[in-house]
Every structure is written in C-alpha cells, then in structure tokens.
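Just so we're on the same page: letters track the sequence lines, and every chain starts at 1.
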Protein chains: 2
Amino acid sequence: MSIMTVSFICSERSQLSKTIPAPKRTKPVLLTAIGRVERETGLAKDTLRVWERRYGFPKPLRDGNGERVYPPEQVEKLRVIRRLMDGGMRPGKLVNATLAQLSERFGASRVEDSSRSGEPSPMTEYLPLIKAREAGVLQRQLAHDLMRLGLQRFVVDVVAPLNVGVGEAWTRGELEIYEEHLYSEQVQHVLRQALASAPRMTRDPRLLLTTLPGEQHQIGLLMAQACLAVEGAECLSLGPQTPARDIVLAARAHRVDVVGLSFSSAIRLREARAAVVDLRKHLDRSIGIWAGGGLWAGMKEPVAGVTMIASLDAIPAVLSQWREQHSKAVYA
Amino acid sequence: MSIMTVSFICSERSQLSKTIPAPKRTKPVLLTAIGRVERETGLAKDTLRVWERRYGFPKPLRDGNGERVYPPEQVEKLRVIRRLMDGGMRPGKLVNATLAQLSERFGASRVEDSSRSGEPSPMTEYLPLIKAREAGVLQRQLAHDLMRLGLQRFVVDVVAPLNVGVGEAWTRGELEIYEEHLYSEQVQHVLRQALASAPRMTRDPRLLLTTLPGEQHQIGLLMAQACLAVEGAECLSLGPQTPARDIVLAARAHRVDVVGLSFSSAIRLREARAAVVDLRKHLDRSIGIWAGGGLWAGMKEPVAGVTMIASLDAIPAVLSQWREQHSKAVYA
DNA sequence: GTAAAATATTTGTCATAGACAAAAACTTCG
DNA sequence: CGAAGTTTTTGTCTATGACAAATATTTTAC
C-alpha cells in the first residue's frame with residue numbers, strides 16, 4: 001500500500017507540462033480485448049469464452065493474432081447481463097435476448113417496491129439532485145435529512161433505499177456510473193462526518209467491521225457502523241477487503257466479541273457463503289460473526305454459527321439479543 | 001452498487017441467532033485453490049500455471065479431481081514475490097529464492113531512503129502506535145500533527161512517508177495486513193475530517209479526482225485532494241475506480257479543467273501507462289490530465305498530453321504553472 | 001394437492017499445452 | 001559512451017475437454 005514516494009522528478013518544467021502534442025485519434029471504433037472486458041464486466045475470461053462456445057454470445061471479432069476483440073455494444077450487453085444475474089437471473093435465459101428485452105426484465109424485480117404505497121420514496125427527492133450535478137446541494141440536502149431524522153433513521157429510511165434506487169436507476173440507464181460514484185462519495189462524506197461527531201460510548205459488544213476480499217463497497221460498511229454506533233456498540237473498522245487470515249488475527253489481537261462483515265449484492269451469493277463458512281472455520285468459536293447485506297435475504301439455509309442480518313433494521317434487535325445472551329452467560 | 005434491501009427476513013429469532021452448533025475443524029492444514037490464490041496474491045491463474053510449468057514454483061499439491069491446491073507457505077511466498085515485483089524486480093530471479101533470501105532483497109530498495117539523513121522519520125514515531133493497536137491514540141497523534149504542521153506539510157511530511165514506511169514494514173513482516181488496514185482507516189478519517197472543515201474556495205482550476213479501475217487505494221487520492229484544496233483548487237472526487245468512459249463523461253458534464261488520477265505502486269507501470277494513454281485518447285483535448293503517484297518516478301518517457309506528478313511536493317508548482325498558462329491564454 | 005426424493009440441466013471453473021508479442025536485458029557497433 | 005540490433009524473459013491468449021455444484025424439473029409418496 002505504499003503510495004507515494006518523496007522523490008521529485010518534476011524539476012524540469014519542460015517535462016512537467018507536456019500538454020502540447022496531443023495525440024490524434026486513429027480509429028473511431030473502440031474494440032476491447034478479453035482481459036479488459038473481464039475487468040469492465042466482472043465476468044471471468046473463462047466464462048466469456050465458454051458462453052461464446054455454448055450460447056453463441058458474445059461473438060467477438062478477431063484481431064490479426066486471432067485474439068478476441070469485443071465491440072462496445074457487446075460489452076454493454078454483457079454489463080447489463082451481469083447486472084441482471086446479480087439479481088438472481090440465469091445467463092442461459094439472458095444471452096440471446098436483445099438489449100431492449102433485457103431492459104424490460106428489470107421492471108419485474110422492482111414492481112413490488114415502487115408500487116407498494118403512495119408515500120414518497122427518497123428517490124423522487126434525491127434523483128433530481130444527483131442528476132443536477134450539484135455536489136454541494138446534494139450534500140447539504142443529505143446533511144439536512146440527517147439532522148431532521150437522526151443517524152439511525154437517516155441511514156435506514158434514506159440512505160439504504162437511495163442506494164437501491166440509485167443502483168436501479170443506473171441499471172435502467174437513467175444514471176451514469178460517474179453519477180453513482182459522485183453520489184456514493186457524498187453519502188460517505190456525510191456518514192463519516194456523522195460518525196466522527198458521534199460520542200464514543202464504550203459499551204459491549206466490541207465489533208470488528210470489514211468486508212472480505214472482492215467486496216469493495218464501503219457504503220454498506222459505513223451504514224452498519226452508523227447503526228451500531230447509535231446503539232452504543234464499540235466499532236473498529238478495517239475498511240474494505242481484509243483477507244480472512246487477517247480478520248482472524250485482528251479479531252484476536254483486538255479482543256473483539258463479534259466480527260461484522262458487509263456484503264453488497266454485487267457479489268455472488270454462493271461465493272459469499274463459501275467465504276463466510278471458511279471464516280467461521282478459522283475464527284475462534286467464542287467470537288461471533290455477523291454477516292450483513294440484502295444479499296442474504298435470498299438465502300435458503302443459514303450458515304451454522306453465523307448471524308445473517310438482511311436489513312439494517314434488524315441491527316438493534318440483534319444487538320440487544322447479543323447483550324441479553326451475554327449478560328445471562330455472566331450470571332450463569 | 002445497490003447494497004441493502006429493506007426486507008426484513010430476520011423476524012424469526014431462531015434464524016437470527018444461529019450461533020449454536022459451531023462447526024468443528026476438520027483439518028488443521030489450510031489448502032488454497034487456484035482461484036483464491038489469484039484473489040489473495042493478485043497473480044492471474046494463467047500466470048500461476050505458467051510459472052509452475054517454467055520455473056517449477058509454485059508446486060501445488062493436487063486434490064481428488066487433479067486440481068491444484070496450494071499450501072500456505074507457497075501462498076505466502078507468492079505474496080512476497082508479488083510485492084517485490086511491484087518494486088520492479090523480475091519473477092525469474094525471485095521464484096527460486098527462499099523466503100529468507102527474498103526478505104534480504106527488500107533492503108536494497110530502501111537503503112537510500114533510511115540512511116539518507118539523521119533526522120527522525122515519522123515511522124519511528126508512529127510504528128509503535130500502530131503496533132500498540134490503540135486506534136484512538138493513533139488518531140489523536142495524527143490529528144495533533146495535523147494541527148501542528150498544517151494540512152499541506154502534514155500530508156507531505158507525515159502521511160506520505162508513513163504510507164511508504166508502513167508498506168515496507170508489512171513487507172518485512174513487521175506489520176500484519178490488518179494493522180495496515182487499521183492505519184489506513186485512521187489516516188483516511190483524519191484527512192477527511194480536515195478536508196471537510198477546510199473552507200471551500202472556488203478558484204481555478206476545477207479538478208475531477210478519481211482512480212482508474214483496478215486501483216483501489218483511496219489514500220493517494222485523499223492526499224492529493226488535501227494538497228489541492230490547500231492551494232485553493234476546486235476538487236470533485238468520484239472515489240476510486242471510475243471506468244475511462246465515465247471519466248470522460250463526468251469531465252464533460254462537470255466542465256472540469258483537469259482530470260486528476262492517483263496511482264499507487266501496487267499497480268504495474270505498463271498497465272497504468274497504457275490506461276492513461278487510452279484515457280488521453282478519448283478525453284477532450286482541452287481538458288488536462290494529471291497523473292500522480294510515486295509510480296511515475298520510475299518511468300522513462302512521459303506520455304504526450306499528460307502531466308506526471310511523481311510527488312505531492314510538486315503539486316503547488318504544477319498548479320501555479322497551470323494558472324500561469326491559463327491566465328496567459330485569457331489575455332492572448 | 002403438497003412435500004420430498006430422484007433425475008436432468010445449467011453453469012462456472014479448472015486442466016493441458018502451444019503460441020506469440022511486448023518489455024527488458026544483453027551485445028555489438030560506431 | 002550511446003545507439004542499434006539481438007536474445008531472453010514474461011504475461012496473456014488460444015482451444016477443447018472435463019467435472020462438480022447449483023438450479024430446475026420430474027417422479028414418487030403421503
């Protein structure tokens with residue numbers, strides 16, 4: 001993680017501002033090699049090749065060396081498919097549909113939510129702000145709602161639905177990725193501010209918060225931390241992507257009672273499950289594991305020795321339950 | 001990025017706290033499949049296989065299905081090798097060395113730095129705090145130094161060397177990854193606090209800050225943002241990992257003057273270079289690109305139309321140069 | 001009819017081995 | 001000593017086959 005060295009190679013001005021020549025575009029067509037497609041879509045190279053073999057899609061062109069080059073429409077379609085798969089659909093049904101047909105499928109998974117009641121969703125209020133590209137206004141509105149509702153309700157009623165809504169809006173093509181990034185950055189800012197100013201109570205349980213490798217999303221972690229801090233739990237966050245081995249070491253070193261893990265739905269259920277099972281295997285039995293994230297709502301059987309928390313709403317209940325059990329143990 | 005759904009599947013207590021059965025460890029030996037090794041070391045599956053074929057290392061065992069399973073020592077050695085390669089060494093010379101021999105090599109790249117002068121490095125002050133596992137104390141010390149030195153000097157003289165030092169300490173086995181994570185989290189916290197309380201000047205240039213996909217490290221970005229904010233530049237951060245296409249869109253939408261990219265040394269030079277060249281190709285010529293990070297110190301020829309900033313020290317100079325050129329343009 | 005068990009399909013990941021181009025290191029020449 | 005040419009190193013790509021885990025479908029039992 002060493003990031004910056006202190007050497008100073010920029011002493012020559014001529015080198016410093018080489019803003020002069022500016023390259024000319026060679027071809028207006030942008031073809032993407034398989035390695036890059038893997039990075040952009042999150043679909044493994046092996047998977048891309050096997051889909052081509054089995055389903056006939058994607059059907060990349062070949063360059064001079066016989067290597068696959070993907071035109072942008074196919075990459076775009078792959079991105080959408082990946083997105084739908086995260087929502088539980090299977091690739092066999094998706095690859096041979098047109099982009100238009102795929103877009104329709106999105107509706108299916110959201111009907112229950114949007115038409116559930118007449119009450120205004122946070123999305124109707126915030127989406128224009130995000131699209132207006134006014135970072136300052138967005139941040140002030142968030143800060144305002146935070147003040148009005150308090151941290152707990154702000155997270156549960158505003159931020160959590162907003163995350164879902166923003167993700168869906170992106171899926172429907174209503175938002176660009178950069179707008180999502182910008183939103184995410186503002187929310188993180190507001191949440192971190194709130195956490196910093198919240199008084200630190202040192203009450204049981206002591207929690208170690210992080211995500212497993214591959215899960216990059218910090219917002220889930222921050223939301224959880226906020227909900228836990230409000231309830232007086234002592235949180236220690238390692239940030240995202242801590243390897244299992246290091247979670248075990250850190251949990252021991254800091255003598256925590258519980259390890260809290262956050263999972264976004266951008267990760268596949270079975271992988272997440274396997275990773276949690278693995279962690280449970282190696283972590284001391286006296287230390288609890290709480291796995292949070294909407295991901296778990298779709299799971300059939302729970303993992304032994306792990307508490308699944310599918311909603312932030314559930315955090316207070318889980319906490320009080322833990323405290324109850326723990327106090328009993330002291331008396332017993 | 002949809003992270004949490006609002007469904008509440010935890011209403012049944014029995015499911016909620018399945019902390020009962022607790023699995024028994026089957027085998028004390030921890031064998032790692034190739035996919036996981038890829039994730040943990042950052043070395044592609046193809047690379048792992050081709051090294052095995054060519055150099056005879058790693059030499060994984062095979063499970064019942066003839067699939068590779070890597071014992072922990074080999075994974076550890078791979079991690080160290082990866083680390084050394086990021087420093088510019090070549091794998092052929094490394095794979096057949098013992099772990100002890102590899103550790104020696106680390107010295108080579110740091111001699112110039114540590115023995116350069118007698119002045120106390122921030123490391124001597126902070127390393128004990130990190131190892132003491134007292135997050136609160138560490139944070140207070142950081143905040144104290146921030147107050148004492150001011151944001152600019154704090155970033156350049158304390159945080160930047162600390163990042164390098166912490167990375168090296170990890171390499172030498174003096175720090176665990178989780179300790180690095182914890183340190184990183186505290187630093188981010190302090191930097192974000194400082195940025196939030198800094199008054200927002202709206203002076204040219206307008207910057208869009210982010211990292212390219214694959215570059216996860218946020219600290220470099222935050223440090224840059226701090227240095228830029230101090231100098232009065234208007235920063236808009238998208239957080240890490242924005243695809244090139246979206247950087248182009250965002251830069252246009254927000255009418256920025258410059259796109260600032262941060263690169264840690266955990267990424268390979270040629271890949272970074274290629275990515276920057278690609279971005280330059282697609283970004284409007286009127287928008288500048290500043291690529292920051294110690295990475296670029298090792299580069300031979302600069303990229304046309306891109307300003308490389310190898311050190312945070314250089315930021316004020318680059319800024320004033322930009323302003324100078326830009327004001328000239330106005331009068332011309 | 002529903003629930004459980006058995007069977008079938010879908011799907012991702014792994015294996016093998018050969019090929020090649022870009023980068024780095026090493027020679028040779030002026 | 002530096003430029004130009006040559007060799008080695010190295011990562012990534014290709015192709016096809018195989019298999020197990022997850023999911024869907026059918027059959028069987030109650």
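For the pair B:Arg280 and B:Leu283, the minimum side-chain heavy-atom distance is below 4.5 Å. No side-chain heavy atom of A:Pro240 sits under 4.5 Å from any side-chain heavy atom of A:Thr210. Proximity of A:Arg90 to A:Leu94: side-chain heavy atoms (C-beta onward) are nowhere separated by under 4.5 Å.
The side chain of A:Asn65 contributes no N or O atom lying less than 4.0 Å from OP1 or OP2 of D:dC13. Contact annotation: B:Arg62 side-chain N/O to C:dT16 OP1/OP2 distance is under 4.0 Å. One finds no side-chain N or O of B:Tyr55 lying less than 4.0 angstrom from the OP1 or OP2 phosphate oxygen of D:dT9. Residue A:Arg68 has a polar side-chain atom (N or O) positioned under 4.0 Å from OP1 or OP2 of D:dA15.
Taking atom NZ of residue B:Lys93 and atom C1' of nucleotide D:dT10, one finds them 12 Å apart after rounding to whole Å. Atom C1' of nucleotide D:dC13 and atom CG of A:Leu31 are separated by 17 Å, given to the nearest angstrom. The distance from atom CE of B:Met85 to atom P of D:dG11 is 5 Å, rounded to the nearest whole Å. Between the CG atom of B:Asn96 and the C1' atom of D:dT10 there is a distance of 15 Å, given to the nearest Å. Rounded to a whole Å, the CD atom of B:Glu52 is 11 Å from the P atom of C:dA17. Distance, A:Ile34 CD1 to C:dC20 P: 19 Å, rounded to whole Å. Rounded to an integer number of Å, the gap from B:Glu67 CD to C:dC14 C1' is 5 Å. Note: CZ (B:Arg90) to P (C:dA23) measures 12 Å, nearest angstrom.
In the set C:dC14, D:dT10, D:dT16, D:dT10 carries the atom at the smallest distance from any side-chain atom of B:Arg54.
Nearest-nucleotide positions on DNA chain D place A:Glu38 closer to the 5' end than the other of A:Val50 and A:Glu38.
In this structure, A:Asp63 and A:Val69 approach most closely via the heavy-atom pair N-CG2, 4.0 Å. Counting all heavy atoms, side chain and backbone alike, A:Trp51 lies closest to A:Pro91 at CZ2-CB, 3.5 Å. Of all the heavy atoms in A:Pro58 and A:Leu48, the pair that sits closest is CD-O, 4.2 Å.
Only B:Lys45, B:Arg49, listed by number, bring a heavy atom of residues 40-49 of chain B to less than 4.0 angstrom from any atom of DNA chain C.
Axis angle across the helix from C:dG1-D:dC30 to C:dG30-D:dC1, with five pairs used at each end and values rounded to 10°: 20°.
For the pair A:Arg79 and A:Glu40, the salt-bridge criterion is met [side-chain N within less than 4.0 Å of a carboxylate O]. Note on A:Glu52 versus A:Lys59: no salt bridge recorded, every NZ/NE/NH1/NH2 to OD/OE distance being 4.0 Å or above.
Using a 4.0 Å heavy-atom cutoff across all strands shown, A:Arg36 reaches no nucleic acid atom at all.
Once rounded to the nearest 0.5 Å, the distance linking CD of B:Glu76 with OG1 of B:Thr32 reads 11.0 Å.
No donor-acceptor contact under 3.5 angstrom links the side chains of B:Glu215 and B:Gln241, judged on distance only.
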